[in-house]
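The first residue of the sequence shown is numbered 1, and numbering continues consecutively from there. Numbering of ligands and ligand atoms starts at 1, following listing order. This one's a predicted model, so the numbers in the text were calculated from it and none came from an experiment.
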Amino acid sequence: MEGYGSDMVISKKQILDWCDRFILVVEPESQRNYTLWPTQPPFSYSRDILSEYTVRCREITNLFLKNLAKLLSLDKDYFINMLDENAITHARFNYCPHCPKPDQVFGLKPHSDATAITIVFIDDSVSGLQLQKNSVWYDVPIILNALLVNMGDVMEIMSNGFFKSPVHRVVTNAEKERLSLVMFYAMDPEREIEPVQELVDEKNPRRYRKIKTKDYIAEIFKTFARGTLAIDTVKI
Ligand SMILES: O=C(O)CCC(=O)C(=O)O
Ligand SMILES: [Fe+2]
């Protein structure tokens, strides 16, 4: 799914998120649809900037994937190889206008990402992103020029629960609008997500069932709209 949009509607009862999105496939390069890439100001040189940003973020992702594999005593390229040449990276621009009723609607409902890794370039003037830990919500601080690297459900499943994919949300703001740019690193849609064999034994039984990436992504859209978590649908 690419282009401009907003929250997906699956029921009339749903409270829609207060957020517009613009989504582009940035990797693999062969799957870019340049007709959707803006050409007008303020995006007049957006192609070059977004292309360079994609290359730089890929370096960060690979660095993380390498070190996460090492932490699990796997071959250092284990996760890098999982995100092969058919792995899909989406760039998503989130725009939350200022909201007259911030206590009644989210910028983004609570969710965890269906990705292996997510890199968020957070608005440097408005907070709003919050992480949940032990049922308490914590503000993610604004750190100038910092990127937030988040682990997604794929990493939780493949590590058989060793890593956790944090539940997070974005709250709205009565006075200010907010922008973020999010890079979503997912696997080849045809590839299966499942706990790494080496991490499963009698002491650590398999905690998640196998699911195809494209089916998991379909699941995340459904559960997101319902306000539930996709990862709960694959827990054993
Ligand atoms: O806007 C943010 O800070 C986070 C966005 C996010 O969680 C998402 O797009 O999945
Ligand atoms: Fe997210």
Can you report which non-hydrogen protein atom sits closest to [atom], along with the distance?
atom: atom 10 (O) of ligand 1; answer: His111 NE2, 3.1 Å
atom: atom 1 (O) of ligand 1; answer: Ser180 OG, 2.6 Å
atom: atom 9 (O) of ligand 1; answer: Asn94 ND2, 3.1 Å
atom: atom 3 (O) of ligand 1; answer: Arg178 NH2, 2.8 Å

What distance do Asp75 atom CG and Asn81 atom CG have between them, rounded to the nearest 0.5 Å?
7.0 Å
Heavy atom of Arg169 under 4.0 Å from ligand 1?
no
Lys/Arg-Asp/Glu bridge criterion (N-O < 4.0 Å) met for Lys176, Asp123
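Looking at Lys176 and Asp123, the cut-off is not met.
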Presence of salt bridge, Glu27 and Arg32, under 4.0 angstrom
no
The Fe ion (ligand 2) - name of the N/O/S atom of Asp113 that sits closest to it:
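Of the nitrogen, oxygen and sulfur atoms in Asp113, the Fe ion (ligand 2) lies nearest to OD1.
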Under 4.0 Å from a heavy atom of Val120: which atoms of ligand 1 are those, numbered in the order shown and with their elements?
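Those atoms are 2 (C), 3 (O).
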Checking contacts here: is it the side chain or the backbone of Thr118 that comes within 4.0 Å of ligand 1, counting heavy atoms only? Could be both or neither.
neither
Ligand 1 contact on Asp113 by region, counting heavy-atom pairs under 4.0 Å:
side chain
Geometry at the Fe ion (ligand 2) - His168 NE2 versus His111 NE2 angle, rounded to 10 degrees:
90°
